[in-house]
Protein chains: 2
Amino acid sequence: MAVMENETKLAESIPRLVELADFRHQLRTFLSFSESASESCGIAAQQYQLMQVIGSVPADRQASISYIADRMILRHNSTVELVDRAERAGLVERRHDEHDLRRSLVQLTPQGWAILEKLVALHLEELHLHAEAMMRALRKVQAISLANRSSKNGDSGEDERR
Amino acid sequence: MAVMENETKLAESIPRLVELADFRHQLRTFLSFSESASESCGIAAQQYQLMQVIGSVPADRQASISYIADRMILRHNSTVELVDRAERAGLVERRHDEHDLRRSLVQLTPQGWAILEKLVALHLEELHLHAEAMMRALRKVQAISLANRSSKNGDSGEDERR
DNA sequence: CTAAAACATGTCGCTAGGCGATATAATGGA
DNA sequence: TCCATTATATCGCCTAGCGACATGTTTTAG
């Protein structure tokens with residue numbers, strides 16, 4: 001260890017790195033496709049995701065800003081801005097909740113529905129082609145992460161266990 | 001159709017939307033975790049991904065800017081800037097390719113390796129917990145996208161299957 | 001019933017990070 | 001040698017997310 005130049009660390013010096021990197025690459029590829037697809041419909045990728053969230057609200061809930069923020073994993077103010085942009089683009093519109101005047105409910109416009117429908121189709125098509133590769137990559141990582149349990153504690157061997 | 005107010009479109013008006021949205025939510029959750037984990041190590045999520053790419057270069061290749069750009073799915077100039085930042089943070093360093101002076105090869109510093117190792121462990125831990133849910137969501141979408149082949153052409157029924 | 005706490009949304013200024021356009025140097029083939 | 005191609009780097013711009021703050025509404029405690 002002392003004699004090894006620190007340049008010469010090999011790809012496998014961190015055991016599961018390659019699999020994680022491959023999985024991540026799959027994700028980037030999918031996200032990149034989604035971005036292109038959205039742009040091909042004239043909207044931003046985030047707006048597509050926003051519409052996805054709004055369009056898939058469970059029947060007993062409504063798409064308030066905070067609900068959307070929660071599902072989009074964004075701060076509420078970022079969500080407000082996202083909805084602003086989508087509203088300006090004519091994809092969604094705000095309504096006031098009659099029972100709680102603080103809340104503003106967001107819903108898709110007919111144009112929003114149309115674009116969403118188109119993008120869902122495109123994504124399903126893409127996933128039809130690439131879901132399998134993603135599954136494979138994820139499965140590998142999963143197998144690894146299972147074997148990797150308690151990798152922190154004094155484990156002597158970490159490689160022989162499947 | 002004429003009498004329906006356009007407000008009342010239900011969640012299932014686009015058949016597979018919920019599954020796609022759920023899958024996307026899983027992705028966001030994972031990416032959000034990755035972001036937090038990276039920040040907990042004092043670096044940006046993109047820098048972690050950069051190190052992943054560099055650390056997992058196949059033995060017969062080297063991490064040039066263009067290679068990284070390709071794997072990160074970024075423009076080369078964005079990659080240059082990403083590497084700049086990572087270099088400033090002491091995570092990576094540039095070297096010149098002796099055989100092609102145009103190329104600059106990027107490699108991890110010892111500190112970079114240390115942080116990468118830590119983050120890989122954190123991510124494997126996380127995936128140990130959530131890979132299953134991601135798999136499930138992906139599997140659903142996949143099943144759907146299979147059934148959805150040629151959904152464009154005049155298909156009368158799209159709901160009765162399964 | 002009212003004051004205060006909690007909550008939901010909205011506004012503003014800032015910043016990071018990605019991109020297009022452009023520049024410069026090195027390589028390779030005719 | 002000369003020029004097209006390749007690889008990296010630089011610059012200015014712009015988007016989208018965030019923290020801090022503001023406003024209005026509901027709920028709760030007393």
Side-chain angles (χ1 to χ4, degrees), chain A residues 28-29 31-36 38-40 42-51 53-54 57 61-89 91-107, chain B residues 27-29 31-36 38-39 42-51 53-54 57 61-89 91-107:
Chain A
R28 283 191 294 264
T29 303
L31 296 176
S32 168
F33 161 82
S34 182
E35 195 123 343
S36 309
S38 304
E39 274 165 27
S40 85
I43 70 173
Q46 281 285 61
Q47 295 180 337
Y48 163 57
Q49 292 188 69
L50 170 66
M51 292 199 291
V53 166
I54 297 173
V57 180
R61 305 210 49 176
Q62 283 176 309
S64 68
I65 294 288
S66 5
Y67 173 84
I68 297 172
D70 180 61
R71 275 240 125 195
M72 293 285 294
I73 313 192
L74 285 177
R75 305 280 165 199
H76 78 274
N77 47 345
S78 309
T79 308
V80 168
E81 288 161 338
L82 176 57
V83 170
D84 283 348
R85 275 172 264 137
E87 194 167 25
R88 244 176 279 136
L91 305 172
V92 306
E93 51 191 16
R94 282 176 165 92
R95 232 185 22 167
H96 285 293
D97 185 339
E98 299 166 338
H99 303 310
D100 185 342
L101 296 179
R102 292 172 302 180
R103 307 177 76 207
S104 79
L105 306 178
V106 187
Q107 58 193 22
Chain B
L27 290 192
R28 283 191 294 266
T29 303
L31 295 176
S32 168
F33 161 82
S34 182
E35 194 123 342
S36 308
S38 304
E39 275 165 27
I43 70 173
Q46 281 286 61
Q47 297 181 333
Y48 162 58
Q49 291 187 71
L50 171 65
M51 293 199 290
V53 166
I54 297 173
V57 180
R61 304 210 50 178
Q62 283 176 307
S64 69
I65 294 288
S66 2
Y67 173 83
I68 297 172
D70 180 60
R71 275 241 126 195
M72 292 286 295
I73 313 190
L74 285 177
R75 306 282 163 196
H76 75 275
N77 47 346
S78 309
T79 309
V80 168
E81 289 160 339
L82 176 57
V83 170
D84 283 348
R85 275 172 265 137
E87 195 167 24
R88 244 176 279 136
L91 305 171
V92 306
E93 51 191 17
R94 282 176 165 93
R95 231 184 24 166
H96 284 293
D97 185 339
E98 299 165 338
H99 303 310
D100 185 342
L101 295 179
R102 292 171 303 179
R103 308 177 75 208
S104 78
L105 306 178
V106 187
Q107 57 192 23

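These numbers were taken from a predicted model, which means no experiment stands behind them. Chain A is the first sequence line, chain B the second, and so forth, proteins listed ahead of strands; every chain is numbered from 1.
Minimum atom distance to the side chain of A/Leu101 is reached by D/dT25, of the listed D/dT25, D/dA9, C/dG18. Among the nucleotides C/dT27, C/dG17, C/dC12, the one closest to the side chain of B/Asp100 is C/dT27.
Nucleotide C/dA8 holds its P atom 10 Å from the CZ atom of A/Arg61, rounded to whole Å. At whole-Å resolution of the value, CZ in A/Arg28 and C1' in C/dG18 are 15 Å apart. Distance CZ (A/Arg85) to P (C/dG10): 14 Å, rounded to an integer number of Å. In this structure, A/Asp97 places its CG atom 17 Å from C1' of C/dG10, rounding to the nearest Å. What separates CD of A/Glu39 from C1' of D/dA16 is a distance of 14 Å, to the nearest Å. Atom pair B/His76:NE2 and D/dC11:C1' shows a separation of 12 Å (rounding to whole Å applied). Atom CD1 in B/Ile43 sits about 15 Å away from atom C1' in C/dA16, given to the nearest Å. As rounded to whole Å, 11 Å separates atom P of D/dT10 from atom CD of B/Glu87.
Residue-level contact check: A/Leu82 touches neither bases nor backbone, having no heavy atom under 4.0 Å from any strand. B/Ser78 comes within contact range of at least one nucleobase, with a heavy-atom separation under 4.0 Å. Contact annotation for B/Gln46: backbone-only contact, meaning every heavy-atom pair under 4.0 Å involves sugar-phosphate atoms and none involves a base. B/Ser64 comes within 4.0 angstrom of the backbone, heavy atoms only, and of no base.
Listed for the A/Gln107 side chain is no donor-acceptor partner under 3.5 Å among the backbone atoms of A/Arg95.
In this model, no side-chain donor or acceptor of A/Asn77 finds a partner on the base of D/dG17 within 3.5 Å. For A/Asp84 against C/dG10, a side-chain-to-base donor-acceptor contact under 3.5 Å is absent. No hydrogens or angles were tested; on distance alone, a donor-acceptor pair under 3.5 Å links the side chain of B/Arg102 to the base of D/dT6.
Here A/Arg75 does not reach the OP1 or OP2 of D/dA16: none of its side-chain N or O atoms lies under 4.0 Å away. OP1 and OP2 of C/dA26 both lie 4.0 Å or more from every side-chain N or O belonging to B/Arg103. A sub-4.0 Å separation between OP1 or OP2 of C/dC7 and a side-chain N or O of A/Ser66 is absent. For A/Ser104 and C/dG10, the shortest distance from a side-chain N or O to OP1 or OP2 is below 4.0 Å.
Nearest heavy-atom pair across B/Leu82 and B/Gln46 is CD1-CB, 3.9 Å. Considering all non-hydrogen atoms of both residues, A/Tyr48 and A/Ile43 come closest at N-CD1, 3.8 Å.
Residues B/Gln49 and A/Arg28 bring a donor and an acceptor atom of their side chains to less than 3.5 Å of each other.
No more than 12 heavy atoms of other residues, nucleotides or ligands shown are found within 6.0 angstrom of CZ on B/Arg75.
Partner of A/Leu105 under the side-chain contact (heavy atoms from CB on, under 4.5 Å) criterion, chosen from A/Glu98, A/Gln62, A/His96, A/Glu93: A/Gln62.
With DNA chain C read from its 5' end, the first of the two nearest nucleotides for B/His99 and A/Tyr67 is the one closest to A/Tyr67.
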